[in-house]
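Labels below follow one simple rule: chain letters A, B, ... track the order of the sequence lines, proteins then strands, and each chain is numbered from 1.
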Protein chains: 2
Amino acid sequence: TVFCSLLNVTLRDWVAVESDSSDVLRRPDCHRMMDMTAEKLQAMGGKVELVDIGVQELPDGKTVALPKVVTAQFGNDPSKQTVCVYGHVDVQPAKLEDGWTTEPYNLTDINGNLYGRGASDNKAPVLAWIHTVEVYQALSIDLPVNVKFIIEGMEETGSNGLDAMIVAQRDTFFSDVDYIIISDCGWLSRRPALTYGTRGNCYFFAEVEGPKQDLHSGVYGGTVIEPMTDLIGILDTLISPSGKILIPGIREAVASLSDEEWKMYQDIEFDIESFKSKIGVSQLMYSNKVDLLAHRWRYPTVTIHGIEGGFSGPGSKTVIPAKVIAKFSIRQVPNMDPAVVKKQVTDYLNSVFAKRKSPNKLKVTMIIGAKPWLADTKHPLYEAGKAAVKRVFNVEPDLIREGGTIPIAKTFEDVTGKSIIMMPIGGFDDGLHSQNEKMSRLQIKLV
Amino acid sequence: TVFCSLLNVTLRDWVAVESDSSDVLRRPDCHRMMDMTAEKLQAMGGKVELVDIGVQELPDGKTVALPKVVTAQFGNDPSKQTVCVYGHVDVQPAKLEDGWTTEPYNLTDINGNLYGRGASDNKAPVLAWIHTVEVYQALSIDLPVNVKFIIEGMEETGSNGLDAMIVAQRDTFFSDVDYIIISDCGWLSRRPALTYGTRGNCYFFAEVEGPKQDLHSGVYGGTVIEPMTDLIGILDTLISPSGKILIPGIREAVASLSDEEWKMYQDIEFDIESFKSKIGVSQLMYSNKVDLLAHRWRYPTVTIHGIEGGFSGPGSKTVIPAKVIAKFSIRQVPNMDPAVVKKQVTDYLNSVFAKRKSPNKLKVTMIIGAKPWLADTKHPLYEAGKAAVKRVFNVEPDLIREGGTIPIAKTFEDVTGKSIIMMPIGGFDDGLHSQNEKMSRLQIKLV
């Protein structure tokens with residue numbers, strides 16, 4: 001009961017903060033979110049710090065302060081092991097007019113599901129771990145381990161500044177940490193899961209610039225080479241209708257699928273029909289489970305997210321946009337390397353663009369280059385994870401990978417040398433980065 | 001002096017109204033704009049009517065009232081000829097963040113240029129004609145002709161509802177009209193001009209719909225056939241890098257360029273270098289004057305305006321958009337027919353889309369189908385126009401065509417059988433439909 005009331009009240013307060021880290025105009029909300037997180041942990045008697053991680057450089061050359069990173073420590077007993085929980089409290093953009101049926105920043109309880117931006121990604125999971133400590137405190141039970149927290153506010157845009165902070169605190173904050181726990185992911189089905197791999201993400205801007213300002217399409221149409229036509233032309237060369245990536249070198253770098261992996265995928269609980277009906281499509285890119293899971297987890301993919309600078313509102317406008325910027329990203333996997341991907345994509349688009357003989361200017365920028373991550377599922381940490389899931393849910397967890405990116409996992413591993421486990425708390429149908437994001441009360445044992 | 005003070009004050013009031021007819025949320029401003037127009041004409045003693053032209057059906061099936069059409073009459077002398085001036089007081093969308101250097105709805109005078117959305121298209125030209133009547137009144141000089149006005153508020157989105165109104169009033173309001181004057185266009189250079197043709201406009205929505213909601217590109221990338229990839233794929237088949245329209249049948253329908261036309265284009269005052277530097281490009285689609293003017297005026301063109309439904313904001317978002325809608329338009333010319341173009345485009349895109357074997361749904365809609373218009377430059381009306389220009393500016397006007405669309409010209413001609421003349425008042429560099437639209441004080445003789 002303690003647990004329930006605490007979580008419900010604080011999650012509502014947290015979701016109410018529009019901590020969208022991709023929008024600099026929302027940066028004050030991000031700062032406030034970090035303050036609220038620190039205050040919460042401080043009120044529980046933690047040793048809390050708000051760590052300044054510097055500034056973010058904007059495309060126009062200006063700088064803006066990054067949200068501080070919150071670190072906290074509960075217990076300092078050298079005879080106990082120390083676990084460090086990582087999480088983030090920034091969120092993806094969300095607007096009611098995107099198609100939400102509830103106000104995205106007003107936590108709404110419908111049939112045991114708590115709807116709100118950030119409910120699952122990643123505010124409720126962070127609070128679940130915080131409240132675990134709080135429940136021990138409320139029941140006056142000693143924590144069996146020392147618990148540390150590291151909570152950031154830039155995850156959704158690539159954890160800007162966190163890498164350097166981890167490097168800087170390797171021999172201080174991280175010196176006594178034995179294990180790192182991340183719950184910034186979800187189950188694959190209604191069966192609990194442990195996650196042992198994530199894809200990386202290379203996020204690109206491709207900007208085509210032509211006339212010095214937008215032009216009337218009637219008055220100028222036919223006389224200028226339009227930037228939008230050029231941009232559409234080069235975007236169309238990224239990927240084939242059947243999902244094949246056309247950028248030279250990308251597919252060659254991918255680790256091949258082993259027989260053992262194939263077997264493991266075969267055994268995972270995953271219902272193609274319910275997956276299809278959940279997302280509402282009649283046909284998927286692949287029709288069998290292994291291909292589908294493999295292309296979700298361990299093969300790269302290209303997504304074109306949208307185009308900035310054109311007319312994107314409802315209704316009609318007869319404009320020739322002067323400058324258009326495509327946003328697309330490549331989820332990459334072992335053994336791809338973001339630095340190589342950046343060069344492959346840039347060289348390819350430049351060569352495709354050159355063939356058009358356009359007087360417009362193309363500029364390709366990689367704004368995020370987050371690496372993939374892969375853990376050893378035989379490690380004692382995963383054995384402990386399996387036992388914990390078994391105890392709580394009375395079932396063996398599926399061992400799964402994540403199609404999305406948790407960039408920091410790779411950094412933790414490379415810098416601290418500690419072992420990392422991903423224990424998903426979010427559900428398989430939580431609508432991350434989408435409309436109507438939610439966290440189920442059942443999933444967080446909040447009934 | 002009377003003229004100056006009147007125009008300046010009223011133009012400021014008019015520009016202050018955000019009468020953007022493409023945005024239904026701005027519809028109240030459009031209604032207010034029509035009321036203000038009617039009040040102005042009424043205060044001058046005109047016989048004014050606000051004509052209800054019904055409702056507009058929105059894509060979601062709802063309806064919203066169309067802005068009423070203002071008609072007015074000054075003088076009713078059967079011994080005089082009657083001219084009817086057509087104009088519109090709705091505007092294109094404009095936001096400061098589009099790149100305006102002044103507030104778009106705050107008329108700003110910089111070095112004799114009056115900046116503001118709608119200043120040139122079409123509020124100042126409409127006011128110029130209204131104030132012409134007013135100056136006659138102020139100076140107590142009898143008008144040499146009876147003057148009628150027909151002012152609408154939906155021009156920028158295809159003059160919705162006006163056609164039916166013209167048909168309905170053919171034997172009443174239009175029965176005594178001898179000539180129709182339109183000033184909804186601009187000069188080609190610093191030399192005054194009369195316009196004898198306009199291109200039509202077929203405006204299309206191509207909507208590709210896939211999953212039932214937006215998806216996280218990490219979690220789902222690789223498993224779904226993404227609507228954006230499909231849409232980019234079909235858009236890329238509309239036009240070649242060198243501007244050739246690839247839709248079968250379109251080019252074949254275009255009237256061929258006559259020797260006489262070629263000769264006429266050769267003689268028109270048009271400086272390619274200043275055109276290039278004005279729009280800020282290093283290279284145009286064609287490098288000689290005749291090709292350039294011909295492709296601007298009398299050949300069709302395709303412009304892709306933008307994509308709705310994707311991520312079009314600044315920054316990054318890792319979304320697979322569930323439904324994306326491309327907006328593109330084809331400026332058409334004699335002897336193309338909008339109904340035929342609609343079928344050609346729809347059939348072509350459907351066939352291109354079918355080849356992709358995508359499970360997503362494509363829906364092609366033509367939301368505007370405005371016809372091109374062409375006048376006889378030997379008609380007495382054009383002779384009178386030439387004489388008037390000569391008298392005011394002391395120079396022969398160039399006879400030009402307009403790349404843009406003034407849909408109503410064709411309707412006036414077809415329904416009323418009257419002769420039409422286009423007398424441009426706007427300048428060649430007024431930034432119509434673009435940032436920093438302006439009207440020069442010199443151009444409207446407001447010094």
Side-chain angles (χ1 to χ4, degrees), chain A residues 22-23 93 157 199 203 210-219 221-226 228-229 232-233 235-236 239 241 279-285 292 295-296 299 301 303-308 310-312 315-320 327 329 331 356 359 367 403-405 432-435, chain B residues 22-23 93 157 199 203 210-219 221-226 228-229 232-233 235-236 239 241 279-285 292 295-296 299 301 303-308 310-312 315-320 327 329 331 356 359 367 403-405 432-435:
Chain A
S22 78
D23 181 356
T157 48
R199 291 196 287 192
Y203 201 108
K212 64 182 174 190
Q213 62 176 14
D214 288 354
L215 300 172
H216 186 303
S217 65
V219 180
T223 64
V224 296
I225 293 100
E226 303 184 10
M228 183 68 93
T229 316
I232 297 282
L235 290 176
D236 192 29
I239 187 166
I279 60 181
V281 298
S282 61
Q283 182 195 320
L284 295 164
M285 194 68 94
L292 215 45
H295 281 88
R296 194 175 179 189
Y299 284 117
T301 186
T303 294
I304 302 165
H305 307 292
I307 295 174
E308 179 186 351
F311 175 63
S312 52
S316 61
K317 185 179 177 185
T318 51
V319 64
I320 298 174
K327 317 285 176 86
S329 64
R331 296 283 163 174
R356 299 182 68 86
I367 62 147
T405 307
L432 308 188
H433 294 212
S434 176
Q435 300 91 338
Chain B
S22 77
D23 181 355
T157 49
R199 292 196 287 192
Y203 201 108
K212 65 182 172 190
Q213 62 175 14
D214 288 355
L215 300 172
H216 185 302
S217 65
V219 180
T223 64
V224 296
I225 293 100
E226 303 183 11
M228 183 67 91
T229 316
I232 297 282
L235 290 176
D236 192 29
I239 186 166
I279 59 182
V281 298
S282 60
Q283 182 194 320
L284 295 164
M285 194 70 95
L292 217 44
H295 281 88
R296 194 176 180 187
Y299 285 116
T301 186
T303 294
I304 302 165
H305 307 291
I307 295 175
E308 179 186 352
F311 175 64
S312 52
S316 60
K317 186 179 178 187
T318 51
V319 66
I320 299 172
K327 318 285 176 84
S329 64
R331 296 284 163 175
R356 299 183 67 87
I367 62 148
T405 307
L432 307 190
H433 292 213
S434 176
Q435 299 91 338

- Between B/I320 and B/E226, is any pair of side-chain heavy atoms under 4.5 Å apart? yes
- Query: What residue, out of A/L215, A/D236, A/I225, has the most heavy-atom pairs lying under 4.5 Å from chain B?
  - Reply: A/D236
- Measure B/R199 against the heavy atoms of chain A and call it side chain, backbone, both or neither at under 4.5 Å. side chain
- Message: For the residue pair B/H305 / B/S329, report whether a side-chain donor-acceptor contact shorter than 3.5 Å exists.
- Response: yes
- Query: What residue, out of A/L292, A/I307, A/V224, has the most heavy-atom pairs lying under 4.5 Å from chain B?
  - Reply: A/I307
- Item | Engaged part of A/K317 at the chain B interface, taking heavy atoms whose separation is under 4.5 Å | both
- Side chain to side chain, B/T229 and A/P241, heavy atoms closer than 4.5 Å: no
- Contact class of A/Q213 relative to chain B, heavy atoms under 4.5 angstrom: both
- Honestly, the part of A/Y203 sitting under 4.5 Å from a heavy atom of chain B is side chain
- Side chain, backbone, both or neither: which part of A/T301 has a non-hydrogen atom closer than 4.5 Å to chain B? side chain
- Between A/R331 and chain B, which part of the residue has a heavy atom less than 4.5 Å away: side chain, backbone, both or neither? side chain
- Item | Contact class of A/I367 relative to chain B, heavy atoms under 4.5 angstrom | side chain
- Hey, are the side chains of B/Q435 and A/D214 touching, using non-hydrogen atoms and a 4.5 Å cut-off? yes
- Message: For the interface with chain B, which of A/L432, A/V281, A/I304, A/V319 has the highest count of heavy-atom pairs at distances below 4.5 Å?
- Response: A/V319
- Item | A/K327 (side chain) donor-acceptor with B/G315 (main chain) under 3.5 angstrom | yes
- Task: Give, as side chain, backbone, both or neither, the part of A/S22 having an atom under 4.5 angstrom from any heavy atom of chain B.
- Result: both
